[in-house]
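A short write-up of the structure that comes next.
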There are 2 protein chains.
Amino acid sequence: MLTAALELFAEYGMAETSLQMIADRMGVTKAAVYHQFKTKEAIVTATADRELVTLEAAVDQAEVADNRDQARRVLLRQLIDFAVDDRALVRAWQGDPAMMRVLANHKPFSALTTRMYSLLVEQESGIDWRIPAAMLASVITAVGQPGLAGFEADLLREQVYRYACRLLNISD
Amino acid sequence: MLTAALELFAEYGMAETSLQMIADRMGVTKAAVYHQFKTKEAIVTATADRELVTLEAAVDQAEVADNRDQARRVLLRQLIDFAVDDRALVRAWQGDPAMMRVLANHKPFSALTTRMYSLLVEQESGIDWRIPAAMLASVITAVGQPGLAGFEADLLREQVYRYACRLLNISD
DNA sequence: GTCTATAATGGGATAGAC
DNA sequence: GTCTATCCCATTATAGAC
């Protein structure tokens with residue numbers, strides 16, 4: 001069910017995916033869908049929650065690193081792995097304004113992005129990390145672009161990691 | 001009118017922007033909007049057409065460059081200028097699945113992206129430019145991210161150009 | 001050109017039978 | 001859990017007066 005919904009979100013966006021479409025793909029009626037989830041937003045947050053555990057584990061691991069550069073490298077690796085392995089999810093999340101609005105109001109999601117942001121945005125050194133962080137996020141989520149759908153995961157993973165390191169001026 | 005529509009598209013996405021919202025922002029009724037544009041898609045393509053002339057001029061200029069590297073540099077500069085100066089437009093275009101579907105079916109837009117792609121995707125040298133092209137597009141459109149809204153255009157322009165050059169391994 | 005009024009459609013959501 | 005049937009409402013789109 002969540003898989004079916006996520007595929008449709010990735011293809012049509014959240015706003016243009018009706019409960020009827022989800023029900024049709026599952027071969028049931030709308031009422032059956034409503035039996036599991038009270039609202040459409042609940043479906044969206046449920047699809048997100050299923051993926052959040054993986055991302056939370058990645059941030060957990062990065063937060064215990066020895067220093068900030070190391071933490072960033074660890075986070076980077078895992079975010080890229082995650083994005084490449086689940087490009088449909090990235091497509092569903094990235095950019096869609098309706099989806100972003102719902103996720104921004106979803107506490108577990110916003111809490112996670114705050115933690116990621118803290119790892120990236122350096123206060124002490126006087127460097128403003130907001131711009132490079134935005135670039136980095138953009139490069140990682142680029143794997144969701146339709147034009148890259150044909151590439152194999154291994155190649156894409158390696159290439160994106162190389163470009164991300166180049167962006168951050170760190171050795172891979 | 002097109003300005004009002006574009007602002008709403010940038011904030012709520014195309015699918016979640018109703019004609020009523022556009023009419024309200026203009027202080028008129030829906031019927032007045034329909035008098036100018038027969039359908040909602042017509043409004044979208046009209047907002048796009050208004051911006052396409054700028055982008056077409058940029059590609060024209062790049063296509064007459066001496067060599068491919070030079071063409072890329074010219075195109076890069078102008079695309080970044082365009083994106084930074086009109087971040088609301090980038091936000092409206094980037095990612096929104098509904099918007100992308102309409103634009104993909106809009107000939108002037110698809111023709112332009114084909115021309116840009118030809119400049120970037122190198123066949124002769126054996127290098128596959130599809131991945132770096134996707135990275136580049138991602139970095140440029142990153143200026144539309146809400147988190148970068150507070151930065152001044154000049155700073156953003158300079159930074160994005162630097163990161164883009166780093167990505168392509170060319171001197172700025 | 002802009003208004004009021006009104007169709008026509010589709011979507012979110014619920015009630016109640018099986 | 002799934003169905004049929006229904007409600008309510010927002011939206012797209014049009015007709016016709018001013």
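All values below come from the heavy atoms of this structure, side chains included, with hydrogens, waters and symmetry mates left out.
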* Just checking, B:Arg72 and B:Trp129: is the charged tip under 6.0 Å from the six-membered ring centre and within 45° of the axis? -> yes
* Between the side chain of B:Arg25 and the main-chain N/O of B:Glu7, is any donor-acceptor distance below 3.5 Å? -> no
* Verify, without hydrogens or angle tests, whether A:Lys30 (side chain) and A:Ser18 (backbone) share a donor-acceptor contact under 3.5 angstrom. => no
* Asked: What is the per-nucleotide protein-contact pattern of nucleotides 13-18 of chain C, from the 5' end, where B denotes a base atom under 4.0 Å from a protein heavy atom, S denotes such proximity for sugar-phosphate atoms only, and - denotes neither?
  -> BBB---
Round to the nearest Å and state the distance from [X] atom [atom1] to [N] atom [atom2].
{"X": "A:Ile22", "N": "C:dG10", "atom1": "CD1", "atom2": "C1'", "value": "15 Å"}
{"X": "B:Met1", "N": "C:dT2", "atom1": "CE", "atom2": "P", "value": "11 Å"}
{"X": "A:Met21", "N": "C:dG10", "atom1": "CE", "atom2": "P", "value": "13 Å"}
{"X": "B:Glu16", "N": "C:dG12", "atom1": "CD", "atom2": "C1'", "value": "13 Å"}
{"X": "A:Ile43", "N": "C:dG12", "atom1": "CD1", "atom2": "C1'", "value": "11 Å"}
{"X": "B:His35", "N": "C:dT4", "atom1": "NE2", "atom2": "C1'", "value": "16 Å"}
{"X": "A:Gln20", "N": "D:dT6", "atom1": "CD", "atom2": "P", "value": "16 Å"}

* **Crowding at OH, A:Tyr12 (>12 non-hydrogen neighbours, <6.0 Å)** => no
* To do: Determine, using the 4.5 Å side-chain heavy-atom cutoff (strictly less than), whether B:Met100 and B:Leu136 are members of one ILVMFWY cluster.
  => no
* Is B:Met21 linked to B:Leu19 within one hydrophobic cluster, defined over Ile, Leu, Val, Met, Phe, Trp and Tyr using a side-chain heavy-atom separation of less than 4.5 Å? -> yes
* Structure fact -> Residue pair B:Gly27/A:Ser18 against DNA chain C: nearer the 5' end by closest nucleotide is B:Gly27
* Does a nitrogen or oxygen in the side chain of A:Thr29 sit under 4.0 Å from OP1 or OP2 of D:dC3? -> yes
